[in-house]
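Order of appearance sets the numbers: ligands from 1, and atoms from 1 within every ligand. Nothing fancy with the numbering, it's 1 onward along the sequence.
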Amino acid sequence: MPARHVFVMDATMSERDDGDVGDLVVIGGGHSGLLLSLALARYGIRLTIVDADPIHRVSTAPFDGRALALMQGSKHVFDALDLWPDFAPIATPIRGVRVRDKSTGGSIAYDADGVGGIFGYGIETRSLRRKLLELTLAEPAIRYLSGRRLQSLRRSSDGLTLHLDNGQHLQTPLAIGADGRRSALRRLGAIGTERIDYRQTALTFAFRHSLPHENRVHEFMSEAGPLALLPIGPNVCSVTWIEHPSRAEELVRTTSQDLLEALRECQDDVLSPHEILGRPVAFPLSAETARSFVAPGIALVGDAAHGLHPIHAQGWNLGVRDVAALTEVLVRAKAAGQALGCGETLRRYARWREADARTILGLTDGLNRLFSTDFAPAKVVRRVGLSVVNNLPPVKSWLMRRGMGVSGDLPTLARGERL
Ligand SMILES: Cc1cc2nc3c(=O)[nH]c(=O)nc-3n(C[C@H](O)[C@H](O)[C@H](O)COP(=O)(O)OP(=O)(O)OC[C@H]3O[C@@H](n4cnc5c(N)ncnc54)[C@H](O)[C@@H]3O)c2cc1C
């Protein structure tokens, strides 16, 4: 990996002001921080990223089977930034989705023929971050501070002074929080959150199977939560399996052979799994949304703004739309000669994004409640609802387009257009 602009600070360095950080600082070099930085750099905005993970940990991370579904609307952002050729080789197209409610026997099938042929792509999470990092390190407008944590901040008339854990100071008019669900910048900026605890745990791992996936996602709904199989390669799927926490604990500890048996049972053996790849990793589930996406001199993107339940695969897709919207308002502000951290610019971003995030939070939370219950009236709603939607093409098409992120008040980049 090229490392031209990397600064790995020595923890013994004395406290000092670090001079030119560019136009702004991004805290967090996960998927959201890296994509945002690449997008801003593409439009001539210079910046510094601070990320807690050392680069070698990202570039040598072992396969863990975790993957995400990148929807077509997000792919449009990659297209508009000319990034897709770098990601196409690690992306498996999704052309269909089959959902089955195990307790009522109801089902619904979506095919992408009427909506452009592809819903989205299955991408291994680790490879996605690695590729984003590789492109970031090769970008002259981006300075990358690796293995450093934001620890505190001070406001002044000039903007913000960010204090890192090695004693370094960064002075900036605008800090962007892309530092995930437990965002330090959000906390230090005194932005409150609303939290929902789901008392569910998601397990992720991958498996090899004998029957072809035919580029289809299979989702099985049960009272404990959904189990989704996402194609990520020839005869390889990634699993997101939501369970009661105690059952999830058992599955994490069980042998690969027993896990394989349990998987076969839960997914009606549609793909005929024959080998577990890696070990399952468990994520206790919650939703955590910032009460405001901005504060003076601060904007939040991705999971720092909204961590969602993984049902319906919306989490990072929402983050990609944050990236597209924030890039648009900042590039337009710069072109108009406005200060990047100016209140009106940040409020425009917040108004645009908070509404979308509220809608998707309501949708994912509502779907999880509706499907993760044995309550008889909910089962009737599920059975009737699935059958009605399956037989009403306009409703089905609306749902598909919304899930794909290609409808609504989209940022320019999310329509696949350049700014
Ligand atoms: C089981 C599961 C399945 C999912 N499936 C999907 C899916 O199919 N589709 C989808 O769109 N989304 C999905 N998601 C959600 C998706 O994984 C996240 O939305 C996405 O990875 C968030 O990226 P991020 O960059 O915003 O945050 P993170 O990945 O959390 O990155 C935060 C970064 O900030 C850094 N950091 C943290 N604190 C500091 C600090 N103080 N100083 C400096 N740096 C700091 C961290 O090192 C990290 O690099 C799923 C999530 C789960 C758990």
Side-chain angles (χ1 to χ4, degrees), residues 25-37 48-55 57-58 61 64-71 73-75 94 119-126 128-129 132-133 144-153 162-166 170 175-188 198 200-205 217 219 225-230 232 238-243 248 280-288 300-323 357 360 364 403-405:
V25 174
V26 175
I27 303 294
H31 301 108
S32 305
L34 293 173
L35 182 64
L36 176 70
S37 301
T48 296
I49 304 181
V50 179
D51 190 63
D53 291 334
I55 286 177
R57 195 179 297 156
V58 180
D64 62 4
R66 190 174 161 196
L68 58 77
L70 187 82
M71 301 301 183
S74 300
K75 192 254 188 183
I94 306 301
F119 282 120
Y121 300 81
I123 301 191
E124 198 204 326
T125 313
R126 172 191 72 145
L128 174 63
R129 184 168 176 204
L132 286 166
L133 179 61
Y144 197 91
L145 300 183
S146 151
R148 285 291 153 247
R149 257 177 199 284
L150 171 69
Q151 216 162 40
S152 62
L153 70 78
L162 307 172
H163 298 249
L164 308 188
D165 61 355
N166 64 333
L170 307 176
I176 297 171
D179 48 348
R181 280 178 177 244
R182 295 203 174 81
S183 169
L185 186 60
R186 186 181 69 204
R187 176 174 44 79
L188 297 167
Y198 286 113
Q200 292 169 310
T201 297
L203 296 180
T204 61
F205 57 94
V217 168
E219 198 158 3
L227 181 150
L229 312 179
L230 174 68
I232 54 168
S238 169
V239 185
T240 298
W241 182 350
I242 295 173
E243 265 296 348
V281 180
F283 298 85
L285 294 181
S286 62
E288 194 146 11
L300 304 176
V301 295
D303 278 18
H306 43 68
L308 301 183
H309 192 288
I311 194 169
H312 215 44
Q314 291 295 307
W316 195 52
N317 290 290
L318 200 55
V320 174
R321 295 205 285 282
D322 298 341
V323 164
I360 299 294
T364 51
M404 289 164 69

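- Nearest protein neighbour of atom 49 (O) of ligand 1, counting heavy atoms only, is D51 OD1, 2.8 Å.
- Summarising the geometry, atom CD1 belonging to I311 is positioned 8.0 Å from atom OG1 belonging to T364; distances are rounded to the nearest 0.5 Å.
- Between A52 and ligand 1, an N or O atom pair is found at a separation short of 3.5 Å.
- At a threshold of 4.5 Å between non-hydrogen side-chain atoms, the residues I242 and L285 count as touching.
- Closest to atom 10 (C) of ligand 1, if we only count protein heavy atoms, is W316 N, 3.3 Å.
- Ranking the protein heavy atoms by distance from atom 27 (O) of ligand 1 puts G180 CA, 3.8 Å first.
- For atom 29 (O) of ligand 1, the nearest non-hydrogen atom of the protein is H31 ND1, 4.3 Å.
- Residue N317 has at least one nitrogen or oxygen atom sitting less than 3.5 Å from a nitrogen or oxygen atom of ligand 1, judged on distance alone.
- Looking at T240 next to ligand 1, no N or O pair under 3.5 Å apart turns up.
- Remark: distances from the non-hydrogen atoms of R66 to ligand 1 include one below 4.0 Å.
- The nearest protein atom to atom 2 (C) of ligand 1, hydrogens excluded, is given as P310 CB, 3.9 Å; this is a heavy-atom distance.
- Looking at ligand 1, you'll find an N or O of L150 within less than 3.5 Å of one of its N or O atoms.
- Residues R149 and L164 have side chains not in contact (no heavy-atom distance under 4.5 Å, counting atoms from C-beta outward).
- The stretch residues 314-323 participates, sequence neighbours left out, in these side chain to side chain donor-acceptor pair (under 3.5 Å) pairs: S32-W316, S74-N317, H306-D322, R321-D356, D322-R353.
- In summary, the atoms of ligand 1 found under 4.0 Å from a heavy atom of A184, numbered by their order in the structure, are 41 (N).
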